[in-house]
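Worksheet: one structure, shown below.
Labels below follow one simple rule: chain letters A, B, ... track the order of the sequence lines, proteins then strands, and each chain is numbered from 1. Given the structure is predicted, the values throughout are model-derived calculations rather than measurements.
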Amino acid sequence: MTQKPSSPSATTEAAKTQPDAQHTSEHAAQIRQTRIDKLDSWQKLGHNPYPYHFEKSHSNAELQTKYDHLENGVETEDIVSVAGRVMALRNSGMFIDLQDPTGKLQVFSHKENLSPELMEALKLVDIGDIIGATGTIRRTPRGELSVKVTHFEILGKSLLPLPEKYHGLTDIETRYRQRYLDLIMNQESRNTLVKRSRIIMEIRKLLMEKDFLEVETPMLQTIAGGAAAKPFITHHNTLDIDMYLRIAPELFLKRLIVGGISERVFELNRNFRNEGISPKHNPEFTMMELYQAYADYNDMMDLTEEIVTTVAKNVLGTTTIDFQGTEINLASPWPRKSMIDCVKEETGVDFAAIQTDEEARAAAKKLHVEVEDYDTWGYALEKVFEVKVEHKLIQPIHITDYPREISPLAKAHRDNPRLVERFETRVYGWEIANAFSELSDPLDQRQRFEAQMAQRDHGDDEAHQMDEDYITALEYGMPPCGGLGIGIDRLIMILTNSPNIRDVIAFPTLKPKA
RNA sequence: GCGAGUUUAGCUCAGUGGUAGAGCACUCCCCUUUUAAGGGAUAGGUCCUGGGUUCGAAUCCCAGAACUCGCACCA
């Protein structure tokens with residue numbers, strides 16, 4: 001508390017003795033030192049180089065809107081205070097492009113209005129600095145809305161040069177590693193991440209309106225259940241046990257349904273999967289899972305459509321979107337087609353007519369789909385679907401009625417014991433949602449887990465683990481229940497026309513630089 | 001994990017086995033109502049790293065690193 005946060009000697013000395021580790025070339029050091037010297041000069045003029053507060057009267061966008069009808073060359077006497085980052089300096093600082101999160105505004109400095117001291121101090125302002133300026137609103141003869149300043153101050157000196165103004169920052173690695181630079185330079189990056197926030201807010205809002213209770217369940221789990229995936233392993237020191245970062249919240253959310261905390265719960269948060277990284281996969285990703293008592297998977301299809309179309313309308317203002325040159329129409333209702341029918345239409349092979357695993361494998365091989373010798377009817381069906389059908393499902397569609405053996409948490413289909421009541425919603429070929437009529441029969445659930453354990457013995461280390469406590473919960477009785485999971489990052493990619501998942505995650509996982 | 005590609009100034013990019021280049025940014029001078037770029041001058045380099053071939057390597061070869069894309073795995 002007694003320490004002055006920014007004494008001149010501290011600032012200058014630290015800079016001279018500790019050059020920025022990331023910019024060690026002579027040229028970079030020169031640029032940086034020049035700016036530190038300017039900061040020093042500013043301070044010697046009696047200013048706090050890192051002040052505490054600035055009274056900003058308007059955002060740039062507010063002023064652009066408010067003075068939209070101000071004609072070229074017209075000056076007002078309206079006094080405003082603006083603040084933001086200097087993105088361009090023209091004519092020795094007479095014209096400054098000031099950027100704030102809402103947009104750009106020009107700051108105009110003229111000796112008629114600025115004291116000789118501040119006129120001189122204008123030379124201390126660099127591109128990249130955060131400044132605040134107070135003055136009157138005018139529109140230049142060329143049509144640029146400007147603040148004609150009577151006073152300005154440096155609110156945050158930039159010691160490092162920004163990327164070039166014309167091409168900006170395009171290096172993909174730098175954009176992800178130094179996201180702050182990307183956000184300063186690229187409007188598109190700002191738009192995408194702002195839209196992400198709005199999309200998530202709209203989902204929460206809709207679910208809360210529908211009486212869903214937002215809950216939190218463990219990220220650290222002793223059994224990584226609820227999905228088929230490789231978990232991250234970590235260690236709790238005082239308990240001296242290994243724990244897993246969750247791959248899904250599913251089993252805990254259904255415990256809450258058993259407990260009756262609410263008939264409708266949801267969780268919107270991170271999952272972690274220790275698998276490959278790709279344009280569609282980040283090790284930590286955001287999932288929304290919800291459970292609704294007394295509902296089935298048909299209700300979940302309705303709800304999926306409502307969520308996606310509501311979000312699209314409220315955030316984008318339309319349900320017709322462009323994704324990488326492909327027009328996608330999100331307007332409800334979306335077709336619902338069974339996996340078996342999809343495969344039949346695409347390949348002519350009717351898996352419903354196939355009785356044995358052997359026949360199923362033969363049918364797959366005949367379609368040039370690779371199958372393992374131990375693959376059952378269901379696995380063969382799924383593999384054929386993935387190879388032959390999946391990529392063709394560009395417009396939104398619910399693929400229904402999955403094979404029982406690949407869906408150990410879904411309730412048996414009411415009309416066909418080989419199937420379960422599960423669907424996946426596909427948009428642009430991607431799985432956007434995955435949902436079931438939840439399996440609530442504890443005896444059946446135990447058998448499913450046991451079948452999964454057998455898969456594990458076959459070498460499938462992503463098969464589900466036995467969760468005795470979960471079965472115990474079911475034995476106390478769970479209402480019929482619909483469950484739905486939506487991959488939030490993928491949905492945001494589609495809605496923001498982002499081809500890479502890293503574009504929709506502020507700080508995606510990267511390997512540290514050596 | 002496998003394959004292909006990329007890596008040169010702060011940024012965006014050229015580059016021939018023979019002294020390292022441009023534009024923007026930076027610094028200085030001139031200039032005062034401009035819109036990526038007014039005029040002029042200066043300065044700025046671990047050519048990703050480590051080996052090798054060669055009289056000589058940013059360039060050719062080998063190994064490694066990070067990134068990108070595809071495949072595998074998955075959402």
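Pair check for B/rC47 finds none; no Watson-Crick or G-U wobble contact set falls under 3.5 Å. Across all strands shown, the partner of B/rC67 is B/rG5, judged by Watson-Crick or G-U wobble contacts whose two distances both fall under 3.5 Å. Under the Watson-Crick or G-U wobble criterion, with both distances below 3.5 Å, B/rG23 is paired with B/rC11.
Straight-line distance from the CG atom of A/Asn282 to the C1' atom of B/rC67: 15 Å, rounded to whole Å. The distance from atom CD1 of A/Ile494 to atom P of B/rA75 is 16 Å, rounded to the nearest whole Å. Per the geometry, CD1 belonging to A/Ile172 stands 13 Å off P belonging to B/rU7, to the nearest Å. Between A/Ile96 atom CD1 and B/rA25 atom P there is a gap of 15 Å when expressed in whole angstrom units. Protein atom CE of A/Met288 is 14 Å distant from nucleotide atom C1' of B/rA75, rounded to whole Å. Between the CZ atom of A/Arg35 and the P atom of B/rC26 there is a distance of 7 Å, given to the nearest Å. Taking atom CZ of A/Arg502 as the reference point, atom P of B/rA66 lies 12 Å away to the nearest angstrom. Atom P of nucleotide B/rA9 and atom CD of A/Gln30 are separated by 16 Å, given to the nearest angstrom.
Relative to the ring axis of A/Phe423, A/Arg336 does not place its NZ or CZ within 45° and under 6.0 Å from the centre.
Exactly one of A/Glu275, A/Gln455, A/Gln452 qualifies for a side chain to side chain contact (heavy atoms under 4.5 Å, CB included) with A/Glu462. That residue is A/Glu275.
Comparing B/rU19 with B/rC62, their C1' atoms sit 28 Å apart, to the nearest whole Å. Going from the C1' atom of B/rG1 to that of B/rC73 covers 10 Å, rounded to whole Å.
Near RNA chain B, meaning a heavy atom under 4.0 Å from it, residues 374-393 of chain A has no residue at all.
Residues forming a salt bridge (charged side-chain N to carboxylate O under 4.0 Å, His left out) with A/Arg404 (at least two apart in sequence, or on another chain): A/Asp444.
For the residue pair A/Asp100 and A/Ser59, the shortest heavy atom distance occurs at OD2-CA, 3.5 Å.
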Please write out the pairs of protein N or O atoms and N or O atoms of nucleotides 32-38 of chain B separated by less than 3.5 Å, giving the distance to one decimal.
{"unit_1": "B/rU33", "atom_1": "N3", "unit_2": "A/Arg138", "atom_2": "NH2", "d": "3.4"}
{"unit_1": "B/rU34", "atom_1": "OP2", "unit_2": "A/Arg142", "atom_2": "NE", "d": "2.4"}
{"unit_1": "B/rU34", "atom_1": "OP2", "unit_2": "A/Arg142", "atom_2": "NH2", "d": "3.0"}
{"unit_1": "B/rU34", "atom_1": "O2", "unit_2": "A/Arg90", "atom_2": "NE", "d": "2.7"}
{"unit_1": "B/rU34", "atom_1": "O2", "unit_2": "A/Arg90", "atom_2": "NH2", "d": "3.2"}
{"unit_1": "B/rU34", "atom_1": "N3", "unit_2": "A/Gln106", "atom_2": "OE1", "d": "3.1"}
{"unit_1": "B/rU34", "atom_1": "N3", "unit_2": "A/Gln106", "atom_2": "NE2", "d": "3.2"}
{"unit_1": "B/rU34", "atom_1": "O4", "unit_2": "A/Gln106", "atom_2": "NE2", "d": "2.9"}
{"unit_1": "B/rU34", "atom_1": "O4", "unit_2": "A/Thr140", "atom_2": "OG1", "d": "3.1"}
{"unit_1": "B/rU35", "atom_1": "OP2", "unit_2": "A/Arg142", "atom_2": "NH1", "d": "2.7"}
{"unit_1": "B/rU35", "atom_1": "O2", "unit_2": "A/Glu144", "atom_2": "OE1", "d": "3.4"}
{"unit_1": "B/rU35", "atom_1": "N3", "unit_2": "A/Glu144", "atom_2": "OE1", "d": "3.1"}
{"unit_1": "B/rU35", "atom_1": "O4", "unit_2": "A/Thr140", "atom_2": "OG1", "d": "3.4"}

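Nearest to the side-chain atoms of A/Thr170 among the listed nucleotides B/rC13, B/rC67, B/rA75 stands B/rC13. Closest to the side chain of A/Asp126, out of B/rU27, B/rA75, B/rA66, is B/rU27. Checking B/rC67, B/rA25, B/rC73 against the side-chain heavy atoms of A/His27 singles out B/rA25 as nearest.
When each of A/Lys38 and A/Pro283 is assigned the nucleotide of RNA chain B with its nearest heavy atom, A/Lys38 is the one assigned upstream, toward the 5' end.
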